[in-house]
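So you know, we letter chains A, B, ... as the sequences are listed, proteins then strands, and number each from 1.
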Amino acid sequence: MEINWTEIENKWRSKWIQNKDFETNPNEKQKKFITVAYPYPNSPQHIGHGRTYTLADVHARFYRMKGFNVLFPMAFHYTGTPILGMAKRVESGDVELIENLKNLYSVPEESIKSFVEPVKIADYFHEEIKTGMIEMGYSIDWRREFTTIDPVYSKFIEWQINTLREKNLIVQGNHPVGWCPKDQNPVSQHDTQGDVEPDFTEYILIKFKYGDYIIPTATLRPETIFGVVNLWVNPEIVYKKITMDNEKWIVSAECAYKLEFLDKKITYDGEIKGSELIGETVTVPHREESIVMLPASFVESGTGTGMVMSVPAHAPFDYQALEDIKKTNLESDLASQVSKIVPISIIETEGYGENPAKEAVEKFGVTSQNDSKLEEVTKEVYGKEFYGGKLKQNTEQFSGIKVAYAKDTIKEWLIENKHADILLELTNAPIKCRCGAECVVKVLNNQWFLNYGDKDWKELATKCFDQMNILPQEIKSEFQYVIGWLHERACARQHGLGTKLPWDKDWIVESLSDSVIYMAYYTISKFVNNGTIIADNLSKEFFDHIFLDKGDVSNVAEITKMCADVIDEIKKEFQYFYPVDSRHSGRDLVPNHLTFFVLNHVAIFPEKNWPKEIVVNGSVLMNGSKMSKSMGNIIPLRKAIQDYGADPIRLAIIISAELLQDADFNIESVSGIQNKLESLFHECSRLKPEKIDNLEAEDRWILSKAQSMVSQVTTAIEKMRLREALHDILFAFESDLNWYNKRVKAKNRENTSGILHQINSTRVAMLSPFAPHIAEEMWEKLGHSEMVSTSPWPEFSTQSLDANAIQSEELLKSTIDDVANILKVTKITPQKITIYTADLFKSKIYYSILEKVMTGQTNMGIVMKELIANHETVDVKKIPDFVQKTIKDILSEPTEIRETKLQTKEFDEKQFLANELSDIGKKEFGVEIDVFSESDDGIYDPKGKARHARPFKPAILIE
RNA sequence: GCGGGAGUCGCCCAGCCUGGUCAAAGGCGUAGGGCUUAGGACCCUAUCUCUUAGGAGUUCGUGGGUUCAAAUCCCACCUCCCGCACCA
């Protein structure tokens, strides 16, 4: 019989809704507030999104069964720019996008037409995603749903951003961005052709004096100013004479264009040919020395200023160009100047002598300045010098400092003394905007920043992280690292959906800044949705009162025109549910959202409302490779639910990886899960609750095993090791059940339904957070009247652990294994099997050894001596072999089993085996099995095997 | 470069935190058998090497070290993956 997943899922979903099982209000119970990052509705969700939400849902359902009052809400993040871009692309009739919408996302034609309006896109996918979440069976309190462009939410964000500004955490300043000169807008990866992230670097412009003019050269190595011996100019280039911020500069045309965007005032005054500059001299700043300008073909107009300072001791290009020029025919004046040039060595690096550039060039066999190997040589020299080099005496106040540290110090010193300026340049140019224009670096004026670089703020956040539970723990150091390097972050943009900056309406609060404390909003959104709270009259006083417990309620009531009782109720709701007990998200949000989440909480809320836990999960792969549109391997979640059922997908995602690992989703694992669930389902349909009396050995054993499973699963879930938990419930326990069934069958027992019913009820209850729908169905089939999702989590009790049953069953198993093993090796067809258990004397020695081993003594010699010293065990001398083997036996067992054995010293192996072995032995091997103790009178022992018997390791004779 | 993660018996992947349960779980694949009209599903057996008595040998990226004992702890190295921002 096939399971109809859709039917079962619909049935139980409507019962949950009908019972309002997941609508959470404050009550007398202990609460758990579990949240997960809300979705950005610009596409339907796929399996990858499903992972984070499923993990959080399992978490929520688990705590609900544990007796907590669990709040698990959801909202939708409309704020941001990608939806805006999408709308533009739809408007312009972008074929690729429209085809994707149609075919990949199955968006109806009518809806696509409406997509020219950004909010329509968000609305459409909002509904799509929400439906998917419901179909997945997420236990969400939908009464609290909101979007980030709701008017009340905007008021909330205004309050947040104002509060931060009052605390001086928002500052204004300049900021470089990748920029499209045509669109007049910042560009990010999404906005460029080929999805290239604009990457830029900061060059230091060293200002050389040339009469009234300044000739700047761009470098990444400001320390080399102490080693400059000449400048390189390309005679082919026509340079621009410009006025820049009241200084007269000579630079390439490309450079002048770049400077225009860097907050500089530029006017063009004229041109000068590179060839005209050759042979002229400039003055080195600070050193006040004259150096000559020489021609070089490696100098490019598009890089830096189109002029290069020459440091032949440390820059391979410079060294080579100098060598090259010595070989050419120069006019005598210039030639004599060139001949006087001596490289100045300023850095001492292990592995190099006076002139690292020369050594490297010679090592690589470079022949001219146009040799492509020079790039590589430069990289090598620079790398070694930067990380391993020290500045020499001739660098004045900087001598002795490591190059890596000196770089910034020297830069600041140069700029302070007006010897240098800054040029920002794309490192991965050319980058084209989607509009076709070539991008540049632009410095934005008057940009608003959240000052995440603030030391006190960071300290507070670090404190919060230290107190917080981060799962999995490994990720904690990543957070600490992020906190370390984080600095000012732009918190406003000029385009996109969102809330306007309250004090500067030209700006919109950036979308990663308006989604950091919204968890608090869930506690009031219920009142927004039922009309209690309306946007009008919402003021700072209201939010201060609710969230920070400030001010007087009557005053707030007057301002908001709300009833004081209602305001009290709202405040209590917040105080009951806050702080966030667990925040779930994908690991891609670690360096941004999750860190900002903590930073903003510690900035705004008092310590008692700081978040308690963060749970981070890895992504989902599709058949081992990354999901991407171009690969066409994105499966929309709702499609997957249709094809396989929600529960199999939930389980397949969870079981394929532990938290931080990437989960691999593939059809085989889903159908494997389906089959597993199906057989469990049929098992449950078969079992009836029955009175259990007269427990036999195997009953006590399987019940003990079930108890350990409960304990293991519970601990695993508490640590969010869901893969492990699920594996224990579905698979690991199965092998125990197999053994149990084998035993029961061999004994021809009929009365086990009650026991199996009890055990499977426990399993189904524990399965229910993972596979909620089918678990309800199984639960019903097992004859339970209430819902499993609202029933209590199975309790673990050590009392029902039967140590005796566990070890006797282990003995039985290992004895059978041994027999099977012998049969396999010898290939005998057995006629008769005889088992000999060890006698009492050996047993005494065994426990004596066991005690010693448990105290850590495993040295054979010492154990032997101690045994001989005791008159009870002195006879061990006769069987020295026995001690060695016994120690090995004991060591090859788990610690728990050893402890169990110590607890139950009185254990009659012979009696147990005689009772239990014959049935199962006959079933397995088809012959009778006799059991003797080696000390029995009239023992049948034709081959003298009996003396090999050891406790828990009986001797065996097969004929 | 910085920061994080990973390398396990054909493949995928547990185990490592807390050393002895480890020749190492589970799944897939493969081989044989059962069930079935057939296929699928399901069940059983086998799956590092050697072995006619429950045993032995060699394995967990490479090389060292600690220990009675190392896949597990420490050190070095090699290889692969991810993040480094104003973007959700």
Side-chain angles (χ1 to χ4, degrees), chain A residues 2 37 39-40 42 77 79-83 175-178 186-191 197 199 383 386-387 404 444 447 449-450 452 472-482 484-493 510-513 515 587-593 595 618-619 624 626 655-658 660-662 664 666 668-669 671-675 678-679 682 723-724 727 730-732 734-735 738 814-815 817-828 853 856-862 887-888 890-898 943 945 948 953-958:
Chain A
E2 288 267 312
Y40 185 69
N42 69 337
H77 195 196
T79 331
T81 49
I83 288 179
H175 185 61
V177 292
V187 286
S188 66
Q189 198 176 342
H190 311 283
D191 309 315
E197 177 74 37
D199 183 33
F386 187 77
Y387 294 104
L444 286 180
Q447 168 80 286
F449 294 93
L450 274 163
Y452 289 142
Q473 261 194 331
E474 298 97 283
I475 208 90
K476 193 162 193 162
S477 53
E478 221 166 302
F479 278 113
Q480 281 156 351
Y481 178 71
V482 174
W485 62 251
L486 214 56
H487 49 81
E488 297 83 359
R489 183 192 169 90
C491 64
R493 294 194 60 130
E510 186 269 330
S511 58
L512 274 181
S513 306
S515 58
R587 80 173 302 176
D588 50 331
L589 299 189
V590 168
N592 42 68
H593 167 76
T595 307
S619 62
K626 243 183 165 168
I655 205 147
S656 71
E658 212 55 90
L660 208 54
Q661 257 99 45
D662 289 341
D664 188 10
N666 53 67
E668 293 87 66
S669 69
S671 61
I673 292 284
Q674 278 179 331
N675 296 330
E678 248 170 72
S679 63
H682 291 136
R723 187 203 60 82
E724 186 182 316
H727 185 263
L730 282 184
F731 296 103
E734 203 80 335
S735 60
N738 280 343
S814 66
T815 308
D817 280 353
D818 281 350
V819 172
N821 210 346
I822 296 169
L823 290 176
K824 183 190 152 198
V825 174
T826 59
K827 301 189 182 86
I828 301 176
V853 170
Q857 183 52 264
T858 54
N859 186 300
M860 157 84 186
I862 295 170
I887 292 178
K888 220 178 148 189
I890 293 172
L891 283 179
S892 73
E893 279 172 341
T895 331
E896 304 93 75
I897 295 276
R898 293 181 213 166
K943 295 238 173 110
K945 292 276 182 194
H948 296 300
K953 192 81 181 163
I956 297 164
L957 171 67
I958 301 174

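- Across all strands shown, A:Asn675 has heavy atoms under 4.0 Å from sugar-phosphate atoms exclusively, and none from any base.
- A:Ser515 comes within 4.0 angstrom of nothing in the nucleic acid, heavy atoms only.
- Considering CG of A:Asp818 and CG of A:Leu823, their distance stands at 11.0 Å, rounded to 0.5 Å.
- Comparing the C1' positions of B:C12 and B:A6 gives an interatomic distance of 15 Å, to the nearest angstrom.
- Looking at the side chain of A:Thr81, the nearest of the listed nucleotides B:A88, B:A53, B:A14 is B:A88.
- The CD atom of A:Gln447 lies 9.5 Å from the CD atom of A:Glu510; values are rounded to the nearest 0.5 Å.
- When heavy atoms are screened at a 4.0 angstrom cut-off, A:Ile655 is found touching no nucleic acid atom at all.
- Rounded to a whole angstrom, the distance from the C1' atom of B:U18 to that of B:G39 is 50 Å.
- Computed from coordinates, the A:Glu724 CD to B:G27 P distance equals 17 Å when rounded to whole Å.
- Distance check: A:Tyr481 OH to A:Ile475 CD1 gives 14.0 Å after rounding to the nearest 0.5 Å.
- Closest approach to the A:Ile822 side chain among B:A88, B:G26, B:G54 is made by B:G54 (side chain taken as heavy atoms from C-beta onward).
- One P atom belongs to B:U58, the other to B:A24, and the distance between them is 16 Å to the nearest Å.
- Pairing partner, B:U58: none, since no Watson-Crick or wobble contact has both distances short of 3.5 Å.
- B:G63 and B:U79 are spaced 15 Å apart, taking the C1' atom of each and rounding to whole Å.
- Looking at heavy-atom distances under 4.0 Å, A:Pro954 makes contact with a base.
- For the pair A:Thr79 and A:Ser515, the minimum side-chain heavy-atom distance is 4.5 Å or more.
- Across all strands shown, A:Tyr40 has heavy atoms under 4.0 Å from sugar-phosphate atoms exclusively, and none from any base.
- As rounded to the nearest Å, B:A70 and B:A14 have P atoms that lie 25 Å from one another.
- Contacts of A:Ala732 with the nucleic acid, taken as non-hydrogen atoms under 4.0 Å apart, are absent.
- Enclosure of atom CD in A:Glu734 by more than 12 non-hydrogen atoms of other residues, nucleotides or ligands within 6.0 angstrom is indicated.
- Across all strands shown, A:Leu957 has heavy atoms under 4.0 Å from base atoms, whether or not it also approaches the sugar-phosphate.
- Distances shorter than 4.0 Å separate some side-chain N or O of A:Asn738 from OP1 or OP2 on B:C44.
- When side chains are defined from C-beta on, A:Ile655 counts as touching A:Phe731, because their heavy atoms get closer than 4.5 Å.
- Contact annotation for A:Glu488: base contact, defined as any heavy-atom pair under 4.0 Å involving a base atom.
- Between the CD atom of A:Gln674 and the C1' atom of B:G40 there is a distance of 13 Å, given to the nearest Å.
- Out of B:A53, B:A14, B:A88, the shortest distance to the side chain of A:Arg723 is found at B:A14.
- Heavy atoms of A:Leu823 sit nowhere under 4.0 angstrom from any nucleic acid atom.
- Using a distance-only test at 3.5 Å, with no hydrogens or angles considered, no donor-acceptor pair links the side chain of A:His77 to the main chain of A:Ala37.
- A gap of 23 Å separates the P atoms of B:C9 and B:C78, to the nearest Å.
- Comparing the P positions of B:G1 and B:A71 gives a spacing of 32 Å, expressed to the nearest Å.
- Contact of A:Asn821 with B:A53 (side chain to base): no donor-acceptor pair of N or O atoms is detected under 3.5 Å.
- The partner of B:C80 is B:G5, by the rule that a Watson-Crick or G-U pair needs both atom distances under 3.5 Å.
- Comparing B:A88, B:G4, B:G83 by their nearest atom to the side chain of A:His77 picks out B:A88.
- Of the listed nucleotides (B:G83, B:G54, B:C86), B:C86 has the atom at the smallest distance from the side chain of A:Ala490.
- Distance from the side chain of A:Pro591 is smallest to B:G83 among B:G26, B:A88, B:G83.
- Side-chain atoms of A:Lys953 lie closest to B:G54 of the nucleotides B:A88, B:G54, B:G26.
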